[in-house]
Amino acid sequence: MYHCFSGEGNTEIILETLLTYSALENSPIEQEDFPVEFSACSGEDALENDHCGTDDSNDQDYKDTFSEKDKKLLTLVEMGFSVEEAAAAIDRCGLDAQVLELADSIHAAQMAEEPDETGLNPRFMTSDEFGHCSERKRRRVVTEQRKLKRSCLPRRRRDYVRKCPVDVDDAPMAIPKPMIGFGLPFEKCTTRRILPDSAIGPPYFYYENVALAPKGVWDTISRFLYDIEPEFVDSKYFCASARKRAYIHNLPIDNRFPLLPIPPKTIQEALPMTKKWWPKWDKRTQLNCLQTCIASAKLTERIRKALEGCDDLPPPQVQEYVLGECRKWNLVWVGHHKVAPLEPDELEMLLGFPSNHTRGGGISRTERYRSLGNSFQVNTVAFHLSVLKKMFPNGINLLSLFSGIGGAEVALHRLGIPLKTVVSVEKSKINRNIMRSWWEQTNQKGNLIDLDDVQQLSGDKLEKLMKLYGGFDLVVGGSPCNNLTGSNRYTRDGLEGQHSSLFYDYFRILDLVKCIMARNS
DNA sequence: CTGATAATGATTGAATAG
DNA sequence: CTATTCAATCATTATCAG
């Protein structure tokens with residue numbers, strides 16, 4: 001998958017790339033009984049090919065050298081269509097057609113060709129569906145006709161359909177309820193799971209993103225990350241605010257332990273000063289997800305006006321309005337008829353960071369909210385990472401992608417796992433400063449190497465780092481959720497969105513590390 | 001230029017009603 | 001069973017003041 005393009009894109013190289021993609025995409029169809037392996041590097045012959053670790057280019061780089069048509073071709077092939085299908089669609093719709101338009105066109109063509117068969121490309125299927133079809137899924141077939149109209153996803157190939165006649169368009173990746181992952185602290189939990197061979201470390205890895213992403217996103221992410229089922233966890237079981245996230249990792253899941261002290265899980269305990277002002281008719285005991293923006297002063301003023309003159313029990317209409325806004329904006333009671341958004345230090349506390357973690361050093365209040373809203377919930381992540389403590393008593397080397405304000409680092413530190421070398425990749429200068437500041441404040445003895453851009457982190461660079469400091473024991477990262485989260489009204493474009501597509505760099509880098517680790521073992 | 005402020009719905013799944 | 005309602009959601013953009 002990692003080709004080196006020296007010059008500008010010529011047709012042959014593009015075609016070769018497309019065919020390589022195509023071959024990779026289609027391979028699981030031929031070997032139905034095996035877990036999907038999209039990594040070009042982790043096969044038996046990966047080391048002979050010498051593609052890993054010696055190549056500076058990445059997907060984004062060489063995509064930029066392509067023409068518009070080639071980019072669209074490549075995108076369509078990445079979506080799971082064949083080169084022929086993609087080319088034909090571009091011919092039909094013209095060069096100006098959007099990718100989704102083209103995908104729909106292919107979809108329509110496939111419908112015409114095989115009118116009775118439904119399904120999607122295997123890349124968009126859950127591993128569940130490779131084995132068996134659940135009773136739930138059968139029920140969905142009834143409603144699929146209606147949904148197919150909106151579908152812009154590629155369809156499964158003919159030879160595969162018969163084995164698994166299930167439409168993936170309709171919520172293939174069900175989120176378990178309650179959203180507790182493999183178990184919570186002090187409770188019984190699943191202690192064992194089977195990981196595909198290709199998923200097993202070294203290195204250990206830990207990937208995070210929003211649970212409530214658009215349909216199909218987690219299927220794709222899971223498919224790339226070695227077919228591991230996501231662990232869906234809501235941080236409301238770890239602190240006083242909700243945070244619905246999914247984590248894909250290859251860590252053991254038995255003998256986890258939580259950080260101490262255990263944080264309070266109700267608003268009233270976490271923010272005691274709000275208790276005396278909290279009205280009886282506001283039944284909230286926990287906060288919703290902490291986000292990057294807070295309510296305007298105008299809004300809290302409107303709420304105060306709405307409550308003005310009311311006694312202890314406002315009219316139902318007013319209650320409904322106030323409660324709705326309080327839930328939407330995570331407002332808390334700080335006075336009589338007075339609500340307010342959370343302060344930055346309260347966010348820090350709720351997310352499990354030391355207070356003032358993001359304070360000072362030239363960071364503005366607005367940026368503080370942004371950085372905190374984008375961060376891990378430390379107690380949740382630490383619970384998952386706690387299994388590493390016994391395994392690495394002398395500390396770990398960490399590769400941290402999209403580090404943000406260092407949620408993973410703080411979690412490991414609070415677990416008492418020494419940080420030997422941390423290579424941290426983070427776009428935001430502000431966040432890098434916060435991380436560096438924390439590194440110094442906590443008297444870390446290891447090395448902190450901070451880099452700017454994941455896209456610039458080549459196999460070559462990785463290899464040099466690993467030669468210098470030893471391999472990585474853990475690769476963590478939560479790639480951008482901008483284009484996935486429901487909060488985004490403007491550019492919720494899914495995994496192929498401008499920022500969220502950096503997930504593919506997480507995979508690229510993880511796979512490179514895997515290759516280099518395998519070769520050096 | 002930075003920083004603060006305020007306004008801006010849609011996509012989901014779950015719950016409920018019919 | 002379908003149809004409707006409810007509820008949550010790691011944000012973007014425009015604007016203004018300094």
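All values derive from a computational prediction rather than experimental measurement. Letters A, B, ... are given to chains in the order of the sequence lines, protein chains preceding strands, and every chain is numbered from 1.
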message: Salt bridge check, Glu343(A) against Arg368(A): does any charged N sit closer than 4.0 Å to a carboxylate O?
response: no
- prompt: When rounded to the nearest Å, what value does the distance between C1' atoms of dC10(C) and dA14(B) take?
  reply: 22 Å
statement: side-chain hydrogen bond (donor to acceptor under 3.5 Å, both in side chains) with Asp234(A): of Arg245(A), Gln286(A), Lys244(A), only one passes, and it is Lys244(A)
task: Return the value, rounded to whole Å, for the distance between atom CD1 of Ile430(A) and atom C1' of dT2(B).
output: 10 Å
query: Between Arg436(A) and Glu440(A), does at least one N-O distance fall below 4.0 Å, as a salt bridge requires?
result: no
message: Distance check needed: dA7(C) P versus Glu325(A) CD, whole Å only.
response: 13 Å
task: Please figure out whether Ile363(A) or Pro214(A) has its closest DNA chain B nucleotide nearer the 5' end.
output: Ile363(A)
query: Base, sugar-phosphate, or nothing: which does Arg302(A) touch, judged by heavy atoms less than 4.0 Å apart?
result: sugar-phosphate
query: Rounded to the nearest 0.5 Å, how far does CD1 of Ile405(A) lie from CZ of Phe353(A)?
result: 3.5 Å
task: Determine the Euclidean distance between corresponding C1' atoms of dG9(B) and dA7(C); express it in Å to zero decimal places.
output: 14 Å
message: Whole angstroms only, please: what is the CG-P distance between Leu331(A) and dA8(C)?
response: 13 Å
task: Name the pairing partner of dC10(C), where a pair is Watson-Crick or G-U wobble with both distances under 3.5 Å, or state none.
output: none
task: Rounded to the nearest angstrom, tell me the gap between atom NZ in Lys177(A) and atom C1' in dT12(B).
output: 14 Å
query: If you look at every strand shown and take non-hydrogen atoms under 4.0 Å, does Ala297(A) touch a base, only sugar-phosphate, or nothing?
result: sugar-phosphate
query: In whole angstroms, how far is the P atom of dT12(B) from the CG atom of Leu495(A)?
result: 14 Å
- prompt: Can you check the Glu301(A) CD to dT5(B) P distance for me, whole Å?
  reply: 15 Å
task: Would you mind building the protein contact string for nucleotides 9-18 of chain C? One character per nucleotide, 5' to 3', B for base within reach (heavy atoms under 4.0 Å), S for sugar-phosphate only, - for untouched.
output: BBBB------
Separation of atom CG in Asp493(A) from atom P in dT12(B), rounded to whole Å: 12 Å
- prompt: Looking at Phe257(A), does the NZ or CZ of Lys389(A) lie under 6.0 angstrom from its six-membered ring centre and within 45 degrees of the ring axis?
  reply: no
field: dA4(B) phosphate, OP1 or OP2, under 4.0 Å from Ser364(A) side-chain N/O
entry: yes
query: Taking NZ, NE, NH1 and NH2 as the nitrogens, is one of them in Lys298(A) or Glu301(A) under 4.0 Å from a carboxylate oxygen of the other?
result: no
- line: note: Tyr369(A), atom OH; dA4(B), atom P; distance rounded to Å ~ 10 Å
Parallel, tilted or perpendicular, as decided by the 30° and 60° cut-offs, for the rings of His384(A) and Tyr206(A): tilted
